[in-house]
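Quick notes on the structure that follows.
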Protein chains: 2
Amino acid sequence: MVLREHPMTPDSQPTFRALADPTRRDILKLLATQDMTIADVSGHFDMTRAAVKKHLSVLSDGGLITVEAQGRTKINRINPTGFAPVLNWFEFFDTFWDDRLTTLKSVIEKDMT
Amino acid sequence: MVLREHPMTPDSQPTFRALADPTRRDILKLLATQDMTIADVSGHFDMTRAAVKKHLSVLSDGGLITVEAQGRTKINRINPTGFAPVLNWFEFFDTFWDDRLTTLKSVIEKDMT
DNA sequence: TTGACATAAAACCATTTGGTATCACATAAA
DNA sequence: TTTATGTGATACCAAATGGTTTTATGTCAA
């Protein structure tokens, strides 16, 4: 028995990969406040635009942002739907642990105290 | 304004990193069903025990499993509390999006249909 | 049309990552 | 005490990753 993702399930790997880098997670928090061009995003980090652009590409591959061309700039916009694959993955444990009265929700609440 | 994790917040990076690999996510699903030794886990994957051991170390670094010595074997056990850092990170967006009536919960439900 | 500017793309580099093979160590069993 | 077995640790390798620099390309404004 080798556990593998079901073939029909949308591949969650690009999303998990996109979330694995701290800079990309910070970019997502940035874009949660407002849509931004690449130049805008770059202004918040100590790295070249090219590097930021690569991160945005990874985020786009993971479905976590959408990019819309607007003249000579591109508007990077967070995509709430893109979180679904990861959230659904967590849901597996949530439903699984319902039996043990150890839901993920209770885990969060425990951490809050 | 450069977004960085608050110094007092437990570092979530090792947890995100641990979740970024598909094999490690499969291991977690395995351990959700029952605790296992390294040999047990290895039996489910087409790779050497050494490779599986590395994955288990990364999962342990991320706090997602605990390891208990038992004679000459080691029992690997999933640690629900270890999910807290990532779940809390998602909570940020959840509360943020409450204003827009776009909570993560609704994202999941939309994906279910 | 010319020049400025935002993004794209490619080559390149150092480090990390996921895997292997090998050897050492500790514990259970003969 | 041997011997087998489960695990740990190290060295090593190919590929991926995160960054830079440089060179296009496309679009807006004089």
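Throughout, protein chains are lettered first and strands after them, A, B, ... in sequence-line order, and every chain is numbered starting at 1.
Mapped onto DNA chain D by nearest heavy atom, A/Asp21 and B/Thr73 fall at different nucleotides, with B/Thr73 at the one closer to the 5' end.
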Summarise protein proximity over nucleotides 20-27 of chain C in one line of letters, 5' to 3': B for base, S for sugar-phosphate only, - for none, counting protein heavy atoms closer than 4.0 Å. BB-----B
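Considering B/Lys53, B/Lys54, B/His55 as possible partners of B/Ser57, the one that fulfils the side-chain hydrogen bond (donor to acceptor under 3.5 Å, both in side chains) test is B/Lys53.
With hydrogens and angles disregarded, a donor-acceptor distance shorter than 3.5 Å links the side chain of A/Asp40 to the backbone of A/Thr37. No donor-acceptor pair closer than 3.5 Å links the side chain of B/Arg17 to the backbone N or O of B/Val58. No donor-acceptor pair under 3.5 Å is formed between the side chain of A/Asp94 and the backbone N or O of A/Phe90. Under a 3.5 Å cut-off, the side chain of A/Asp35 and the backbone N or O of A/Arg77 do not form any donor-acceptor pair. Between the side chain of A/Arg49 and the backbone N or O of A/Ser42, no donor-acceptor pair lies under 3.5 Å. A/Ser12 contributes no side-chain N or O that, together with a main-chain N or O of A/Val86, makes up a donor-acceptor pair within less than 3.5 Å. With A/Arg25 contributing its side chain and A/Leu19 its backbone, the two residues share a donor-acceptor pair below 3.5 Å.
If you measure from atom NZ of B/Lys53 to atom P of C/dG18, you get 15 Å, rounded to the nearest angstrom. Protein atom CG of B/Leu19 is 12 Å distant from nucleotide atom P of C/dG18, rounded to whole Å. Here the C1' atom of nucleotide C/dT15 and the CZ atom of B/Arg17 are 13 Å apart, to the nearest Å. Here the C1' atom of nucleotide C/dA9 and the NZ atom of A/Lys74 are 12 Å apart, to the nearest Å.
Contact between the side-chain N/O atoms of B/Arg24 and the OP1/OP2 oxygens of C/dG19 is not found at any separation under 4.0 Å.
The partner of C/dA30 is D/dT1, judged by Watson-Crick or G-U wobble contacts that both fall below 3.5 Å.
Protein chain A touches strand DNA chain D; the 5'-most and 3'-most nucleotides with an atom under 4.0 angstrom of its non-hydrogen atoms are D/dT17 to D/dC28.
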